[in-house]
J.: 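Input: one structure, supplied below.
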Amino acid sequence: MADWIPIALSRDVPVGITRAVIVDTREVMIWRGEDGVAQVWEDRCPHRGMRLSLGFVRGNALNCLYHGWQYGAGANCLRIPAHPDLTVPPTIRANAYAATETGGMVWMSSDSADPPPLLPALTPVITLAIEAAPERVLAALGGSTAEPLIGLPFAGGTLQLGWHRAHAAKTMLHATGAGADIAAATAHLRALRQSLEQEAAA
Amino acid sequence: MPKLYDYVLSGSCYKVRLLLSLLGIAYETQAVDFFPGREHKRPEFLALNPLGQLPVFEDAGLVLRDAQAILCHLANTYDASGQWLPRDVRFGSVMMWLSFAGGELMAISGARMIAMLNYAGDLAALQAKARAALRLLDDHLADRAQAGGLWLVGATPTIADIAMFPYVALSHDAGIGHEDYPAINLWQRQVRKLPGFVGMPGVPDYF
Amino acid sequence: MSLTDDRAALDQWYTLGALQDFPAGAEVPSRLLGEDLTVRRLTDDVEVRAAGRALPVRTDYGHLWTSFGTPERDLFELPESREPDRRWIHCGPVRVRASGLRLVENFLDLAHFPYVHTDILGSEAHPEVARYEVEQRRDVDELWATKCEFYQPKAAAASDEGQISKYMYRVVSPFNVMLYKTPPTAPDRWDVIALFVQPADEAVSVAHAFMLVIDLTSTDAELSAFQQMIFVQDKIVLENQRPSLLPLQPGRETPTRADLSSVLYRRWLKEKQLRFGTEPRTDLQSTDLPHA
């Protein structure tokens with residue numbers, strides 16, 4: 001399970017959107033077409049290296065902003081507009097990671113040997129970028145960097161926090177909850193962000 | 001016909017162009033050679049705006065400066081529905097965001113001029129201010145999204161959204177990506193889906 | 001970062017900007033190939049110094065040129081600069097966080113017009129890039145792409161309607177490129193639009209766009225605004241290409257027939273053994289590595 005990394009709240013990636021995410025200094029992107037399936041790809045078009053997160057979704061396809069190269073859900077290139085009559089060779093493909101959604105979060109894996117985690121769907125709370133090392137953030141939350149999730153009792157309910165390392169000094173926290181006051185949970189996590197960042201800056 | 005004194009790369013002029021397009025108002029433009037010509041500091045332009053800043057908008061004898069003031073004028077004059085500048089309890093909140101758009105958020109503009117046009121200034125300090133402004137916006141939009149709202153104020157887009165959008169979208173010119181701001185990412189998409197939306201260089205039409 | 005040891009990059013002419021941007025008497029800092037410079041304009045002369053050393057200077061085509069090394073050739077020819085009815089438009093320096101070679105390659109590219117310059121230089125309804133010709137002119141060591149045609153909704157500042165524009169591209173050195181295109185108002189002439197790239201660092205460039213155009217109607221501000229609009233539309237692409245340095249290693253990117261000029265350009269850069277602004281290669285034996 002440690003192989004799977006939660007990188008966003010599912011709520012923040014609705015149909016038709018692209019989203020850039022930094023995962024352990026790698027640039028990845030999430031997009032979701034009309035079929036509702038979240039895709040996680042390397043943020044790079046194989047043609048000229050353009051970041052695909054700047055592209056646009058139409059139907060079930062992602063289009064690169066630079067030359068309009070169009071990719072299907074299977075990451076294969078469907079169309080090269082400069083050559084409208086060309087049947088695109090199947091070797092032209094974006095670099096897709098294994099992706100799944102569970103517990104209200106989008107997860108990725110670059111080595112999906114283990115099955116993805118199975119979690120109950122909780123209510124999305126918030127994603128926070130915290131300018132502090134994951135080790136510090138996890139310690140403050142009573143979690144471990146060996147696990148992708150932290151369970152936190154909160155005001156009569158539970159918070160389930162996913163996290164990923166953006167880089168050595170930045171942690172992304174993806175909070176979901178059950179039975180918890182969402183506004184109070186959000187305020188609590190923002191206060192935590194502030195104290196961790198003050199500590200990191202000191 | 002209303003006339004916009006315009007510079008194509010100015011995010012502040014873009015605020016005005018965007019609302020003009022959303023409201024479907026016909027207008028003419030006069031290109032001002034802001035860079036490299038610094039035409040906005042010449043006497044002819046200073047006669048229009050002694051502050052030497054773009055945009056300037058002429059309409060039926062009025063000569064207005066300040067993008068936020070021009071947005072208010074356009075909504076007040078041309079939007080019969082009252083949607084873009086609501087006169088109810090939302091009014092104060094709209095004004096608050098207009099002030100933020102012309103104030104704290106302009107750190108992005110400053111950083112962009114240094115990064116892109118080699119203006120003098122402290123890039124790192126402005127980038128830090130820009131990030132603080134973007135985080136404040138992202139927090140607000142996350143709270144709005146949690147409550148089911150898509151826009152900065154109330155249930156419909158207002159000139160607050162239009163005043164805020166350009167420099168948020170242009171922050172990559174200042175070296176700031178949107179990876180840390182999921183709620184901003186969602187909101188930007190809503191703005192881009194508005195009928196009549198137009199982009200500018202650095203803000204692609206496609207999304 | 002300090003001055004590169006890349007001989008192929010050192011032995012070239014580079015612009016530091018339009019002469020008008022260097023006021024007489026003032027000392028202006030600049031940067032080239034990883035090294036800081038100072039430019040001082042005296043009454044008639046311009047002095048460029050780096051690390052206490054005076055560098056060679058040229059003042060052709062309204063621009064200041066210099067070199068750290070000993071260029072094999074003198075500056076390129078630009079015969080249109082002698083035509084009296086041409087408007088000289090300096091569009092101002094724009095800094096871009098990308099390799100200068102990426103800027104040149106983008107300048108040579110037709111296929112992005114419908115997506116990056118939508119409804120101006122191209123439209124999504126007409127994305128096809130027709131076959132064009134490329135050649136390396138060995139006598140002048142220039143690359144040319146000719147017989148390029150593209151449907152353009154608004155080809156220039158003075159355009160009232162769409163047209164099939166004819167283009168020729170000319171690469172005169174690794175970081176200097178220009179295009180010739182049919183002006184809307186003078187179909188028997190060629191407008192010249194040049195992009196002189198000042199490679200400040202490997203992944204930071206200053207783009208100097210310069211036009212020699214036939215246009216009797218547009219103001220200078222309109223002409224400059226049009227070209228700045230086009231260039232800054234490209235900037236968002238250039239700053240988001242990965243890697244920022246141009247990859248010369250086969251298989252790193254995926255060219256198609258529309259990219260013929262880029263294929264020739266990359267081959268030419270390899271032939272010159274140019275390294276500055278290119279992605280370090282892992283496919284070469286140590287004996288094949290370009291020498292400094």
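So that the names make sense, note that chain A is the first sequence line, chain B the second, and so on, each numbered from 1.
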J.: How are the rings of C:Tyr14 and C:Phe175 set relative to one another: parallel (under 30°), tilted (30 to 60°) or perpendicular (over 60°)?
T.: tilted
J.: Parallel under 30°, tilted from 30 to 60°, perpendicular over 60°: which one fits the rings of C:Trp88 and C:Phe210?
T.: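 Ring orientation, 0 to 90° scale: perpendicular.
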J.: Indicate yes or no: does C:Arg31 engage C:Asp36 in a salt bridge with an N to O separation below 4.0 Å.
T.: yes
J.: Apply side chain to side chain donor-acceptor pair (under 3.5 Å) to C:Ser205 and list each qualifying residue two or more places apart in sequence or on a separate chain.
T.: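 C:Ser205 satisfies side chain to side chain donor-acceptor pair (under 3.5 Å) with no residue once adjacent residues are dropped.
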J.: Does any backbone or side-chain atom of B:Asp6 lie under 4.5 Å from a heavy atom of chain C? Answer side chain, backbone, both or neither.
T.: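 Contact with chain C: none, neither part.
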J.: Would you call the rings of C:Tyr167 and C:Tyr169 parallel, tilted or perpendicular, taking 30° and 60° as the class edges?
T.: parallel
J.: Return yes if a side-chain donor-acceptor contact under 3.5 Å exists between B:His178 and B:Gln188, otherwise no.
T.: yes
J.: If contact means a heavy atom pair closer than 4.5 Å, which residues of residues 222-232 of chain C contact chain B?
T.: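 Within residues 222-232 of chain C, near chain B: C:Glu222, C:Ser224, C:Ala225, C:Gln228, C:Met229, C:Val232.
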J.: Taking the six-membered ring for Trp, are B:Phe45 and B:Phe34 ring centroids under 6.0 Å apart?
T.: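 No: the rings miss the under 6.0 Å criterion.
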J.: Please identify each residue that fulfils side-chain contact (heavy atoms from CB on, under 4.5 Å) with C:Ala221, with sequence neighbours left out.
T.: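 Expected list: B:Ala31, B:Asp33, B:Glu39, C:Thr219.
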J.: Applying a heavy-atom distance below 4.5 Å, give me the residues of residues 102-119 of chain C that approach chain B, sorted by number.
T.: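 Against chain B, the residues of residues 102-119 of chain C that fall inside the cut-off (heavy atoms, under 4.5 Å) are C:Pro114, C:Tyr115, C:Thr118.
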J.: Highest number of heavy-atom pairs under 4.5 Å with chain C: which of B:Pro201, B:Gly37, B:Gly177, B:Gly175?
T.: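 Max contact count across the listed options: B:Pro201.
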J.: Quick one: do C:Arg97 and C:Glu239 make a salt bridge, cutoff under 4.0 Å?
T.: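 Yes, this pair counts.
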